[in-house]
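All remarks here apply to the structure that follows.
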Amino acid sequence: MKFWLMKSEPDVFSFDDLMARPAKTEPWDGVRNYLARNHMMAMKQGDLILIYHSNCAPPHVAGIATVAKEAYPDSSAWDPASDYFDPKSPAEKPRWFRVDVKGVKALKEPVALATLKADAALEGLEVVRKGTRLSVTPVTEEEFVRVLSLGNTKYSTK
DNA sequence: GCCAACGTTGGC
DNA sequence: GCCAACGTTGGC
């Protein structure tokens, strides 16, 4: 099993929104960055995800999710009405992909970015690095478990 | 609102 | 293929 961190802007789509969805599941549309896409294509069903809220005060990790469906073409790219429309990713030859993400549980206590930055065990976490904009990043199992611990949350990673 | 980081675009 | 200009992200 692998571990990931995915960003969302809570004003647009929050972890609570995810938990409120039917089956707690949502297609993760609109990723338009090659490295982030490649990470999504490497995801396997059942992988665990930290959902991070950016562009809010304070930025924080909000909850745990899992990969409900592995990468498949992101149809929003071929919908001219979509904000994510990209004529360079037609249905016949899709460039952009999405996964379905299923909410698992909220962290008992959200873990603020400042807390992540202050933790020596999380130095390698992409999101604590200044200027990082990647919306999908891999994390190690140790980092994943550490964040849960900071959030006073128990969840088995086995 | 400012600005650093950095991905993308397009001229050459 | 280089690189300057530009746009976006996102913390502060």
Side-chain angles (χ1 to χ4, degrees), chain A residues 2-21 26-43 47-67 70-101 103-104 106-140 142-153:
Chain A
K2 288 188 173 146
F3 300 87
W4 309 92
L5 181 147
M6 296 175 98
K7 294 184 190 176
S8 77
E9 298 189 27
D11 288 351
V12 179
F13 188 78
S14 70
F15 185 76
D16 286 345
D17 293 333
L18 178 61
M19 294 302 271
R21 281 289 195 260
E26 179 77 0
W28 212 258
D29 277 326
V31 173
R32 294 293 180 267
N33 171 285
Y34 289 104
L35 194 48
R37 178 203 66 180
N38 293 346
H39 287 321
M40 284 203 301
M41 293 180 88
M43 289 181 177
D47 282 0
L48 290 172
I49 305 164
L50 296 170
I51 301 294
Y52 174 86
H53 283 166
S54 65
N55 246 320
C56 57
H60 61 276
V61 178
I64 307 166
T66 189
V67 177
E70 294 174 12
Y72 62 103
D74 182 349
S75 61
S76 68
W78 59 74
D79 172 9
S82 168
D83 288 345
Y84 305 126
F85 177 62
D86 182 354
K88 286 179 263 182
S89 184
E92 316 82 67
K93 206 184 171 201
R95 172 181 298 189
W96 302 119
F97 289 76
R98 62 185 171 193
V99 295
D100 286 356
V101 168
V104 172
L107 294 193
K108 198 169 171 189
E109 297 164 20
V111 182
L113 178 59
T115 306
L116 300 174
K117 284 184 170 172
D119 194 298
L122 296 175
E123 277 176 352
L125 211 60
E126 192 78 11
V127 81
V128 308
R129 285 185 36 225
K130 186 180 175 185
T132 185
R133 297 183 302 170
L134 202 55
S135 60
V136 182
T137 53
V139 304
T140 66
E142 291 72 22
E143 289 164 343
F144 186 91
V145 168
R146 181 67 184 153
V147 172
L148 295 201
S149 162
L150 291 170
N152 196 19
T153 302

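Below, read A as the first sequence line, B as the second, and so on, with proteins coming before strands; counting in each chain starts at 1. Just so we're clear, the structure is a prediction, and the values are computed from it rather than from any experiment.
- Minimum heavy-atom separation, A/Ala36 to A/Val31: CB-CG1, 3.5 Å.
- Two residues are said to be in side-chain contact when any heavy atoms from C-beta on lie closer than 4.5 Å; A/Glu126 and A/Leu5 fail this criterion.
- Applying the salt bridge (Lys or Arg N to Asp or Glu O under 4.0 Å) criterion to A/Arg95, with sequence neighbours excluded, gives no partner residue.
- Contacts between residues 52-60 of chain A and DNA chain B, defined by a heavy-atom separation below 4.0 Å, involve no residue at all.
- Scanning all heavy atoms of the two residues, the minimum distance from A/Ser75 to A/Arg98 falls at OG-NH2, 3.1 Å.
- Under the 6.0 Å cut-off for aromatic ring centres, A/Tyr34 and A/Trp96 qualify, their centroids lying closer than that.
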Could you summarise the pairing of DNA chain C as dot-bracket text, marking Watson-Crick and G-U pairs under 3.5 Å with ( ) or [ ] inside the strand and | across strands? ||||||||||||
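- The closest donor-acceptor contact from the side chain of A/Arg32 to the backbone of A/Tyr84 lies under 3.5 Å.
- Residues of residues 113-130 of chain A that place a heavy atom closer than 4.0 Å to DNA chain C, in numerical order, are A/Leu113, A/Lys117.
- Using a distance-only test at 3.5 Å, with no hydrogens or angles considered, no donor-acceptor pair links the side chain of A/Asp79 to the main chain of A/Ser76.
- Across all strands, A/Ser135 comes closer than 4.0 Å to no nucleic acid atom at all (heavy-atom distances).
- For A/Ser8 (side chain) and A/His53 (main-chain N/O), no donor-acceptor pair under 3.5 Å exists by modelled atom type.
- For DNA chain B, the span of nucleotides reached by chain A at under 4.0 Å from its heavy atoms goes, 5' to 3', from B/dA4 to B/dT9.
- The shortest side-chain heavy-atom distance between A/Lys2 and A/Val67 does not fall under the 4.5 Å cut-off.
- Paired with A/Glu143 under the rule side-chain contact (heavy atoms from CB on, under 4.5 Å), one option of A/Thr140, A/Val145, A/Val147 passes, and it is A/Thr140.
- Within the 4.5 Å cutoff, the side chain of A/Val12 has no heavy atoms near those of the A/Asn55 side chain.
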Between side-chain atoms of residues 131-138 of chain A and protein atoms elsewhere (two or more places apart, or another chain), which donor-acceptor pairs fall under 3.5 Å?
none

